[in-house]
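Notes follow once the structure below has been shown.
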Amino acid sequence: MIEKKKKAAVAAVMHYLALEESQLIEAAEEGFLDQQQAAAPAPGVQPWALSGRQAQMQMRTMMQMKAFN
């Protein structure tokens with residue numbers, strides 16, 4: 001049952017991304033966007049932000065396990 005839910009979630013995300021990409025291409029073809037804007041990649045993942053968030057979650061987990069007094 002869980003495997004079906006995972007597959008459904010992945011399929012939904014992939015469908016959403018494909019739909020968003022097709023809408024972007026259509027907008028570029030209709031002249032709403034420059035070709036350069038349509039081809040520009042999405043902003044990348046910021047590793048420092050992820051690292052900070054991970055550290056916060058780890059600290060919270062340790063506090064919940066009462067690793068610190």
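Remember, predicted model here, so these are calculated numbers, not experimental data.
- In this structure Leu19 satisfies the side chain to side chain contact (heavy atoms under 4.5 Å, CB included) test together with Ser22, Gln23, sequence neighbours excluded.
- When Gln64, Met63, Gln56 are each tested for a side-chain contact (heavy atoms from CB on, under 4.5 Å) with Arg60, only one passes: Gln64.
- Evaluation of the side chain to side chain contact (heavy atoms under 4.5 Å, CB included) rule for Glu21 yields Ile25 as partners, not counting sequence neighbours.
- Within a 6.0 Å sphere centred on CE of Met14, heavy atoms belonging to other residues, nucleotides or ligands number 12 at most.
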Begin from the C-alpha positions of Gln58 and Met62 and carry the test side-chain contact (heavy atoms from CB on, under 4.5 Å) through to its verdict. CA-CA 6 Å; Gln58 186 177 13; Met62 293 175 80; 4.2 Å; yes

